[in-house]
J.: 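Just dropping this structure here.
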Amino acid sequence: MVKNHKQIQEMVDNMYDLFVNKIDSTSTCKDLFEDLFTIQEIEQIAQRLCAAEMLLDGATYLDVIEKTQISSATLSRVSKCCKYGKGYKKVIQNKKEQ
């Protein structure tokens, strides 16, 4: 079944709302992530967030790869997002302000 763009966008918006407004604890987030993602996917997300934070703090590619074991291709993508995107910067800045 092919969904139209409007239906898909509504589902995506509902997902964002759920993440922002309904996850009230680390435990709930962990439980949801374990239902949504494989363990490997969760580890890769964590790896990317760690790499982004290190890059934004001025770490070199070699330092990031050594600490996170991230692939150079994935690190390049994360680096591009840190430079030109908004998400990593916002999340990491919010983390530092807490």
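When reading the values below, keep in mind they use all heavy atoms of this one structure, side chains included, and skip hydrogens, waters and symmetry mates.
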J.: Let's go through Leu55 and Tyr88 carefully: what are the C-alpha distance in whole Å and the side-chain angles of both, what is the deciding distance for side-chain contact (heavy atoms from CB on, under 4.5 Å) to 0.1 Å, and is it a yes or a no?
T.: CA-CA 10 Å; Leu55 289 173; Tyr88 285 124; over 6 Å; no
J.: Under 6.0 Å from the CD atom of Gln9, do we count more than 12 heavy atoms belonging to anything else shown?
T.: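 Yes, CD of Gln9 has more than 12 neighbouring heavy atoms, counting only those of other groups under 6.0 Å.
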J.: Indicate if Val20 and Met15 have the same hydrophobic cluster label, given that clusters are the connected sets of ILVMFWY residues with side-chain heavy-atom separations under 4.5 angstrom.
T.: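 Looking at the clustering, Met15 is in a separate group from Val20.
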J.: Taking atom NZ of Lys22 and atom CG of Leu32, what is their separation to the nearest 0.5 Å?
T.: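 It is 13.5 Å, given to the nearest 0.5 Å.
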J.: Output side-chain donor-acceptor pairs under 3.5 Å for residues 72-86, partner residues at least two apart or in another chain, one line each.
T.:
| residue | atom | partner | partner atom | Å |
| --- | --- | --- | --- | --- |
| Thr74 | OG1 | Ser71 | OG | 2.9 |
| Ser79 | OG | Tyr61 | OH | 3.2 |

J.: So how far is it from Asn14 CG to Phe19 CZ, rounded to the nearest 0.5 Å?
T.: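 Separation between the atoms: 12.0 Å.
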J.: Does a side-chain heavy-atom distance below 4.5 Å link Lys96 with Asp57?
T.: yes
J.: Taking only Lys NZ, Arg NE, NH1 and NH2, and the carboxylate oxygens of Asp or Glu, determine whether Lys6 and Asp13 approach each other closer than 4.0 Å.
T.: no
J.: Excluding sequence neighbours, so at least two apart, what forms side chain to side chain donor-acceptor pair (under 3.5 Å) with Asp17?
T.: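 Listed in chain order: Asn21.
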J.: Quick check: closest heavy atoms across Ala51 and Ile70, and the distance to 0.1 Å?
T.: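 Smallest heavy-atom distance, with atoms named: CB-CD1, 3.9 Å.
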J.: Shortest non-hydrogen contact from Met54 to Thr68?
T.: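 Nearest pair, atom of Met54 first, then Thr68: SD-CG2, 4.2 Å.
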J.: Spell out, yes or no, whether Leu36 and Val91 are grouped together once hydrophobic residues are joined by side-chain heavy atoms under 4.5 Å, including indirect joins.
T.: no
J.: Could you tell me which residues satisfy side chain to side chain donor-acceptor pair (under 3.5 Å) with Glu97, sequence neighbours excluded, listed by chain and number?
T.: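 Expected list: Gln93.
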J.: With respect to Ile42, which candidate in Glu34, Lys30, Gln47 satisfies the side chain to side chain contact (heavy atoms under 4.5 Å, CB included) definition?
T.: Glu34
J.: Could you check if a side-chain atom of Ile8 sits within less than 4.5 angstrom of a side-chain atom of Val12, using non-hydrogen atoms only?
T.: yes
J.: Going from CD on Gln40 to CD on Gln44, what distance comes out if it is rounded to the nearest 0.5 angstrom?
T.: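 Between atom CD of Gln40 and atom CD of Gln44 there are 4.5 Å.
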J.: Within the distance-only criterion (no hydrogens, no angle test), does the side chain of Gln7 pair as donor or acceptor with the backbone N or O of Asn4 below 3.5 angstrom?
T.: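 Flag set: sc Gln7 to bb Asn4 pair under 3.5 Å.
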J.: Mark yes when over 12 heavy atoms from residues, nucleotides or ligands other than Lys89 sit less than 6.0 Å from its NZ; otherwise mark no.
T.: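 More than 12 within 6.0 Å, yes.
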J.: Is the shortest heavy-atom distance from the side chain of Phe33 to the side chain of Glu41 under 4.5 Å?
T.: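 A side-chain contact is absent here, since even the closest heavy-atom pair is not under 4.5 Å.
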J.: Show the numbers, then the answer: is there a side chain to side chain donor-acceptor pair (under 3.5 Å) between Thr60 and Asp63?
T.: CA-CA 5 Å; Thr60 66; Asp63 291 338; 3.2 Å; yes
